[in-house]
Amino acid sequence: MIEQDWIWGFAGGLLIGLGGAVYLLFNGRIMGASGILGGLVDGSELRHRWERLAFLAGTILAPIILYPLYREVDTHITGNVAVVVVAGLLVGLGTRLANGCTSGHGVCGISRLSLRGIAATVFYILAGGITIVLFRHLLGVI
Amino acid sequence: MRNLFGFIAGALFGAGLFISGMTDTTKVQGWLDLFGDWDPTLAFVMGGAILPMAIAWGIARGRKPALGGHFPTPPEPKIGRNLIVGSVLFGAGWGLAGLCPGPALASLGYGGGMHWLFVAAMILGMIAAVPVRKWMPAAP
């Protein structure tokens, strides 16, 4: 079962990269989820708002179409409201300060051998790993 | 046309996140959990995504985007305070909930109320970043 997860992971990864390639080669933009959404909600990048909205619509709609093909899909998100709110605030604030997230810095940055992308990825993975040690293994919150 | 290709790119992104299992918070937290039951899936997703993207950067060299405009110029290779502080805050939130911005959006349609709460908080955090960026002392 685990091996199958790797194959699906790799196949899904290829699609993610293909999406990034289309957004770059056609629209000339970097596919970063936090940048695309962030530029809309803080009003800083309203110039390209329609292609941004179209991108977000595709991101939200495609899984809705695939969802019925799967027998069971569970996101296993925590039921702890405080954890969800704090995590959401941190993700929103952090990705905008850093100017990118897993898609922008991770996928698009690393594939371009960008020093900033690689550095950001090292820092958010380290911070994520330490958070798991602290809140799962030491405090037992998540 | 720009909107159509934006939509296609977004749909590929969303479909990829869905079938890769990255909208499952336990897979992300499992990858970050080196001292627990480690789940390697995320590394395969990253590897799979970087491959076509690297080819795309190669194709982009010396050309222009198909729909006009220019390719984004690489930013100054400077690792400033905002990049480090921001990435650390992001990583902490990522570990806590097991969601980053892409999968958070991709799971809105079927994930349920907690996902909407997460995205609402994330948008608040994004808006809060505007004054915080001004308030943060200039990067050395």
Side-chain angles (χ1 to χ4, degrees), chain A residues 5-6 9-10 12-24 26 28 30 33-34 38 41-42 50-51 54-55 58-60 62-64 66-67 75-77 84-85 87-98 101-103 107 111-112 115 119-120 123-124 127-129 131-132, chain B residues 2-3 5-7 9-16 18-20 25-26 32-33 41 44-45 48-50 52-54 56-57 65-67 69 77 79 82-83 86-97 100-102 105-107 109-111 114 117-118 121-123 125-126 129-130:
Chain A
D5 285 358
W6 297 2
F10 187 75
L14 285 175
L15 284 182
I16 294 169
L18 206 61
V22 167
Y23 207 49
L24 179 74
F26 287 88
I30 288 176
S34 59
V41 297
D42 71 12
W50 292 111
E51 76 183 46
F55 182 93
T59 306
I60 296 171
I64 296 177
L66 291 171
Y67 182 71
T75 61
H76 299 106
I77 192 164
V84 169
V85 170
L89 287 170
L90 285 171
V91 169
L93 176 64
T95 52
R96 288 305 276 163
L97 284 183
C101 57
T102 342
S103 45
V107 175
S111 61
R112 191 189 210 181
L115 188 66
F123 279 109
Y124 63 67
T131 301
I132 293 282
Chain B
R2 298 191 66 89
N3 300 339
F5 279 92
F7 181 80
L12 287 166
F13 181 56
F18 182 81
I19 74 163
S20 66
T25 59
T26 50
L32 289 169
D33 190 2
T41 310
F44 285 82
V45 181
I50 285 170
M53 207 51 223
W57 283 119
L67 300 174
I79 297 163
N82 279 5
L83 185 84
S87 294
V88 167
L89 294 177
F90 162 44
W94 191 39
L96 273 179
C100 51
L105 293 165
S107 56
Y110 63 92
M114 279 301 191
L117 184 64
F118 181 89
M122 182 172 81
I123 288 174
M126 287 176 162
V130 178

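Residue numbers start from 1 in every chain, and the chains themselves are labelled A, B, ... in the order their sequence lines are given, proteins ahead of strands. Only a predicted model underlies this, so the values are computations on that prediction, with no experimental measurement involved. The basis for the numbers below is simple: all heavy atoms, side chains too, and nothing from hydrogens, waters or symmetry mates.
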Between Gly19(A) and Leu12(B) the two heavy atoms that sit nearest each other are CA-CB, 3.7 Å

In this structure, CZ of Phe5(B) is separated from CG of Leu24(A) (nearest 0.5 Å) by 13.5 Å

Taking every heavy atom of Gly12(A) against every heavy atom of Ser20(B), the minimum-distance pair comes out as CA-CB, 3.8 Å

Does any non-hydrogen side-chain atom of Thr95(A) lie less than 4.5 Å from one of Met122(B)? no

Note: Val84(A) and Met114(B) closest approach over all heavy atoms is CG1-O, 3.6 Å

| Any side-chain heavy atom of Leu97(A) sitting closer than 4.5 Å to one from Phe90(B)? | no

Scored by heavy-atom pairs under 4.5 Å with chain B, the best of Ala87(A), Ala62(A), Cys101(A) is Ala87(A)

Only residue of Leu14(A), Leu15(A), Ile16(A) satisfying side-chain contact (heavy atoms from CB on, under 4.5 Å) with Ile19(B) is Leu15(A)

Okay, Phe18(B) and chain A: the region with an atom under 4.5 Å from a heavy atom over there is side chain

- Query: Do Asn3(B) side-chain atoms and Glu51(A) backbone N/O form a donor-acceptor pair below 3.5 Å?
  - Reply: yes

Pair count under 4.5 Å, heavy atoms only, with chain A: among Ser107(B), Ala15(B), Ala49(B), Gly95(B), highest is Ala49(B)

Chain A shares the most heavy-atom pairs under 4.5 Å, among Ile123(B), Leu32(B), Val88(B), with Leu32(B)

### Aromatic plane relationship, Phe44(B) with Trp6(A) - under 30° parallel, 30 to 60° tilted, over 60° perpendicular
parallel

Per-residue tally against chain A (heavy atom, under 4.5 Å) across Leu117(B), Ile50(B), Leu83(B) peaks at Leu83(B)

Turns out that what part of Thr131(A) lies under 4.5 Å from chain B's heavy atoms comes down to side chain

Requested in this report: State, yes or no, whether a side-chain contact exists between Val91(A) and Phe118(B) at a heavy-atom distance under 4.5 Å.
Outcome: yes

Nearest heavy-atom approach of Phe55(A) to Ala9(B) is CE1-C, 3.7 Å

If one checks every heavy atom of Ser34(A) against chain B at 4.5 Å, the contacting part turns out to be both

Note: vs chain B, highest number of non-hydrogen pairs under 4.5 angstrom among Ala33(A), Pro63(A), Ala119(A) is Pro63(A)

Per-residue tally against chain A (heavy atom, under 4.5 Å) across Ser87(B), Pro65(B), Cys100(B), Gly14(B) peaks at Ser87(B)

Heavy atoms of Ala56(B) and Ala21(A) approach each other most closely as CB-CB, 3.6 Å

* Asked: Hey, does the side chain of Thr75(A) reach the backbone of Thr25(B) with a donor-acceptor pair shorter than 3.5 angstrom?
  -> no

dist Ile60(A):CD1 -> Tyr110(B):OH (nearest 0.5 Å) comes out at 11.5 Å

One should read off an interatomic distance between Asp5(A) CG and Thr41(B) OG1, to the nearest 0.5 angstrom, of 5.0 Å

Counting heavy-atom pairs under 4.5 Å with chain A, the top scorer among Ile79(B), Thr26(B), Val45(B) is Val45(B)

Correct closest heavy-atom pair for Leu93(A) and Ala129(B) would be CD1-CA, 3.5 Å

